[in-house]
Amino acid sequence: MAGTQISDFLELVHQLPEVQPSDHDRYWRFDVRRRVFAYLWEPTRTVGLKQTIAEQIALVAERPEVFEPQFTAWGFGWVVVHLEGVDRDELAELVFEAWRLTAPDDLVTTRDDVLPR
């Protein structure tokens, strides 16, 4: 697996409605209507993505060299993704799921199940 680049992550995130990035010096935070769904740490080429707790557990169990638990909060399991370990299609699914778990219902309904490409 060739992996993905930071540019892939940024392209995918910015295809989703109402995404607002904010620079926090050591990392970038990505919100939809002021609710965070993703983080980017450029020096380590990792992203943090909101997932269900079940998905967090499954990802980490399946490929611990690619995914690590970040934290759990408010019924969600955040996962750290090492970009070199995922292809663009898998990253698109993970980013979309993180956004969909966070975005208000009207945005999710409007977007339907259209993944970023």
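- Ion pair Glu97/Lys50 not flagged as a salt bridge, since none of the NZ, NE, NH1 or NH2 atoms sits closer than 4.0 Å to an Asp/Glu carboxylate oxygen.
- A donor-acceptor contact shorter than 3.5 Å is absent between the side chain of Glu42 and the backbone of Ile6.
- Between His82 and Glu68 the shortest side-chain heavy-atom distance falls below 4.5 Å.
- Environment of CG in Asp105: sparse, with no more than 12 heavy atoms of neighbouring residues, nucleotides or ligands closer than 6.0 Å.
- Residues Leu49 and Ala38 come closest through the heavy atom pair CD2-CB, 3.6 Å.
- For Arg45 (side chain) and Leu83 (main-chain N/O), no donor-acceptor pair under 3.5 Å exists by modelled atom type.
- Separation of atoms CD (Gln70) and OG1 (Thr46) is listed at 8.5 Å; rounding is to 0.5 Å.
- Remark: the backbone N or O of Asp25 is paired with a side-chain donor or acceptor of Asp23 at under 3.5 angstrom.
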**Message:** Before you tell me yes or no, could you show the steps for Glu62 and Leu59 under side-chain contact (heavy atoms from CB on, under 4.5 Å), namely the whole-Å CA-CA distance, both residues' side-chain angles and the distance that decides it to 0.1 Å?
**Reply:** CA-CA 5 Å; Glu62 182 180 310; Leu59 289 168; 5.8 Å; no
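- Between Arg34 atom CZ and Glu18 atom CD the span is 12.5 Å, to the nearest 0.5 Å.
- Note that CG of Leu91 is 10.5 Å distant from CD of Glu11, once rounded to the nearest 0.5 Å.
- The same ILVMFWY cluster, assembled from side-chain heavy atoms under 4.5 Å apart, contains both Leu107 and Val13.
- Hydrophobic clustering (ILVMFWY, side-chain heavy atoms < 4.5 Å, transitive): Leu40 and Val80 are in distinct clusters.
- Taking the six-membered ring wherever Trp is involved, the centroid distance between the rings of Phe37 and Phe76 does not fall below 6.0 Å.
- To the nearest 0.5 Å, the span separating CD on Glu84 from OG1 on Thr44 amounts to 9.0 Å.
- Counting heavy atoms from C-beta outward, Arg26 and Pro43 have side chains that stay 4.5 Å or more apart.
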**Item:** Working for side-chain contact (heavy atoms from CB on, under 4.5 Å), residues Arg117 and Leu115
**Value:** CA-CA 6 Å; Arg117 301 180 302 136; Leu115 291 172; 5.8 Å; no
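- Under the 4.0 Å criterion applied to side-chain N and carboxylate O atoms, Asp113 and Arg100 are assigned as salt-bridge partners.
- Residues Pro116 and Ala92 come closest through the heavy atom pair O-CB, 3.5 Å.
- Contact detail for Gly77 and Ile53: the closest heavy-atom pair is N-CG1, 3.6 Å.
- In this pair, Trp41 and Tyr27 present their aromatic rings tilted. The plane angle is within the 30 to 60° band.
- Hydrophobic clustering keeps Leu101 apart from Phe9 (ILVMFWY residues linked when any side-chain heavy atoms are closer than 4.5 Å, directly or through intermediates).
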**Request:** Applying side-chain contact (heavy atoms from CB on, under 4.5 Å), run through Gln15 and Leu10 and close with a yes or a no.
**Result:** CA-CA 9 Å; Gln15 290 177 43; Leu10 293 172; over 6 Å; no
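- Residues Phe96 and Val47 are members of one and the same hydrophobic cluster, defined by side-chain heavy-atom contacts under 4.5 angstrom among Ile, Leu, Val, Met, Phe, Trp and Tyr.
- When all heavy atoms are compared, the tightest approach of Val79 to Val60 is CG2-CG2, 4.3 Å.
- Residues Leu16 and Tyr39 do not share a hydrophobic cluster, clusters being chains of Ile/Leu/Val/Met/Phe/Trp/Tyr side chains in contact below 4.5 Å.
- Arg111 is listed as a side-chain neighbour of Trp99, based on a closest heavy-atom distance under 4.5 Å.
- Between Phe71 and Trp78, the ring planes are parallel. Angles under 30° get that label, and only those over 60° would be called perpendicular.
- Look at Asp106 and Arg33 and you find a salt bridge, because one of the NZ, NE, NH1 or NH2 atoms lies within 4.0 Å of a carboxylate O, short of that distance.
- Ion pairing of Arg63 with Glu90 is present here, as a side-chain N (NZ or NE/NH1/NH2) and a carboxylate O approach within less than 4.0 Å.
- Thr72 places a side-chain heavy atom less than 4.5 Å from the side chain of Gln56.
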**Request:** List the steps, then state whether side-chain contact (heavy atoms from CB on, under 4.5 Å) holds for Asp31 with Val19.
**Result:** CA-CA 6 Å; Asp31 296 359; Val19 170; over 6 Å; no
